[in-house]
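Okay, so here's the structure we're looking at.
First the proteins, then the strands, lettered A, B, ... as listed; each starts at 1.
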2 protein chains.
Amino acid sequence: MNVALNDINQTEITRLRVACSNCNLRELCLPVDLTPDEMTRLEELSNQKRSYATGDYLYRSGDRFKSLHAIRSGSFKTRVLHEDGREQVTGFLMAGEIIGLDAISTDIHTCEALAMEDSEVCELPYSKLAELSREIPSLQRHVHKIMSREIVRDQGIMLLLGSMRAEERLAAFLLNMSQRNAIHGMSATQLRLRMSRLEIGSYLGLKLETVSRAFSHFQDEGLIQVKARAIEILALSKLREMVGK
Amino acid sequence: MNVALNDINQTEITRLRVACSNCNLRELCLPVDLTPDEMTRLEELSNQKRSYATGDYLYRSGDRFKSLHAIRSGSFKTRVLHEDGREQVTGFLMAGEIIGLDAISTDIHTCEALAMEDSEVCELPYSKLAELSREIPSLQRHVHKIMSREIVRDQGIMLLLGSMRAEERLAAFLLNMSQRNAIHGMSATQLRLRMSRLEIGSYLGLKLETVSRAFSHFQDEGLIQVKARAIEILALSKLREMVGK
DNA sequence: GCGCTATTTTGACATATATCAAGTCAAACG
DNA sequence: CGTTTGACTTGATATATGTCAAAATAGCGC
């Protein structure tokens, strides 16, 4: 089996796609089996909204952890800066996803998050979310699911970093982007990457030249069409073969 | 900064070391700020205990998820089997740690866990734990912390796999083993590894020969003393330098 | 549109790690 | 005590990816 970067099942996709047409937090990222009253209470919790311009920090390394954030639009990257100034990207977060889960155990953010494009987020104060989920079992269950999914996601990346070679990693990355695009009702084959080759490489443990070469090679093989950050997938199934699924 | 494989702070270490002298679950892995009544209720939840012999499965890939498990003694590895039969190790779990967190989001285990030596675990039925943590805020908080710590741990490994070279990974691995040994009141410099070079390599994304060569090299440099799986750390501080902390 | 800049691509070469193949060693067993 | 077996070490070589450098391209303000 292989779970790398592909951990979201079909029912979730359907639910999210429907929910996102009315892009409110409670539907965007939370379960649909709440009573109207519970929904209202949840909505009250999450009605704080903020905008971030490209490059703005959502939080910095060392900041005190207070809230999770649901991304309503745009996208963020999370990263760690090494002593020598090198950046290591630890995640790309897209609209509809929850950001900030790393910090619950420490109270302090261990990485920093910044907007890759102009973006909007809903703030989810952790203490209120915890309080409310104590009263609403299905909400509690969902919070656990969100956290566990992050674990599964990370372990997928570990698998990928530990056992795949450059081109396989890239293939997995593209499939993941494709799938997350599809979840939000966008094309599964037309990708507009928001990140540079350098950032992709940092995320996948590769150098930017290796990323570029792999893209070029895929193009030569007729798997994709590359035009800088606009990438069209021509042979989804062959990419899937490459990562073994 | 660098969080790789070293995410447990000093207060946690102290607490756990004290707690483990009376190796009962509620103290082993749960917070100490519960009332006596709450403790009792928690104890009732966790009094199911089981033994596993070397090589026994704690759970298999595809099994339905019902419970988390607290390891009382011994150690486990978690792994994924690829189609071609290759094993990829995704984690080593030692006494005092919680195993099974990957499965909460899916209801199904995505990897399998087996005992690396004769071991004992306490079963923590998830539904009961969830129910109880709804009533006890500090327990809820702790459950979240445990989950989040797993996320941090995984991200630490991602960092390690993505940015470190073979010997740096090995150094980080040894430091991590040393620290986890110390937590349980054992020597921080005398390590008895429970896993083979192959398994270490699988976990760190290296071949077994590379692991072996790196150990030999460390020995030549006077950093460690290697006698098969018994490893003595001679220069902790130099190992720390290697991983940048 | 033009020119400036950052990003991306491509090439030649270096190097870390994988691969293949012997050997060594230690535990297990007759 | 010798044999067997599996794990570990070591060596020679191959290969994927990194490094350094230059050219091509895309993005963007004017």
Rounded to whole Å, CD of A:Gln219 lies from C1' of C:dT8 at a distance of 12 Å
Proximal nucleotide (of D:dC20, D:dG18, C:dT17) relative to the B:Leu206 side chain | C:dT17
Round to a whole Å and report the spacing from NZ of A:Lys227 to C1' of C:dT9.
-> 16 Å
Hey, is the side chain of B:Ser216 poking within less than 4.0 Å of OP1 or OP2 on D:dT10, counting only N and O atoms?
-> yes
Sugar-phosphate only, base, or nothing, as touched by B:Ala228 at under 4.0 Å among non-hydrogen atoms = nothing
A:Leu198 CG - C:dA6 P separation (whole Å) | 14 Å
Output, in order, the C-alpha distance, side-chain angles, deciding distance and verdict of side chain to side chain contact (heavy atoms under 4.5 Å, CB included) for B:Leu114 and B:Arg79.
-> CA-CA 8 Å; B:Leu114 28 77; B:Arg79 72 177 186 192; 3.8 Å; yes
Please work out if A:Gly201 contacts a base, only the sugar-phosphate, or nothing of the nucleic acid, heavy-atom cut-off 4.0 Å.
-> nothing
Expressed in angstrom and rounded to an integer, what is the separation of B:Gln225 atom CD from D:dT9 atom C1'?
-> 15 Å
Among C:dT17, D:dT10, C:dT9, find the nucleotide with the atom closest to the side chain of B:Arg213.
-> D:dT10
Would you kindly give the CZ-to-C1' distance between A:Arg194 and D:dG27, to the nearest whole Å?
-> 14 Å
Taking NZ, NE, NH1 and NH2 as the nitrogens, is one of them in B:Glu120 or B:Arg50 under 4.0 Å from a carboxylate oxygen of the other?
-> no
Whether A:Phe76 and A:Tyr52 hold their rings parallel, tilted or perpendicular, with breakpoints at 30° and 60° | perpendicular
OP1 or OP2 of D:dG18 sitting under 4.0 Å from any side-chain N/O of A:Thr210?
-> yes
Shortest side-chain distance from A:Arg165, nucleotide among D:dC20, D:dT10, D:dT17 = D:dT17
Whole Å only: how far is the CG atom of A:Leu193 from the P atom of C:dT7?
-> 15 Å
Measure distances between side-chain N and O atoms of B:Arg169 and base N and O atoms of C:dT17, and say whether any donor-acceptor pair falls under 3.5 Å.
-> no
How close or far is atom P of C:dT9 from atom CG of A:Leu170, stated in whole angstroms?
-> 11 Å
Would you mind classifying the nucleic acid contact of A:Ser212 as base, sugar-phosphate or nothing, using non-hydrogen atoms under 4.0 angstrom?
-> base
Would you kindly check whether a donor in the side chain of A:Arg229 faces an acceptor in the base of D:dG27, or vice versa, at under 3.5 angstrom?
-> no
Short side-chain N/O contact from B:Lys207 to OP1 or OP2 of C:dT19, under 4.0 Å = yes
For C:dT9, does OP1 or OP2 lie under 4.0 Å from any side-chain N or O of A:Arg197?
-> yes
D:dT10, D:dA26, C:dT10: which one has an atom nearest the side-chain heavy atoms of A:Glu209?
-> C:dT10
Distance in angstrom units between B:Glu167 CD and C:dT15 P, rounded = 16 Å
Checking all strands, does A:Val226 fall into the base, sugar-phosphate, or nothing category for heavy-atom contacts under 4.0 angstrom?
-> sugar-phosphate
Under the criterion salt bridge (Lys or Arg N to Asp or Glu O under 4.0 Å), which of B:Arg194, B:Lys77, B:Arg229 is the partner of B:Glu117?
-> B:Arg194
Taking the inter-plane angle between the rings of B:Phe65 and B:His109 on a 0 to 90° scale, is it parallel (under 30°), tilted (30 to 60°) or perpendicular (over 60°)?
-> perpendicular
Hey, is CE on A:Met195 packed in by over 12 heavy atoms from elsewhere, all under 6.0 Å?
-> yes
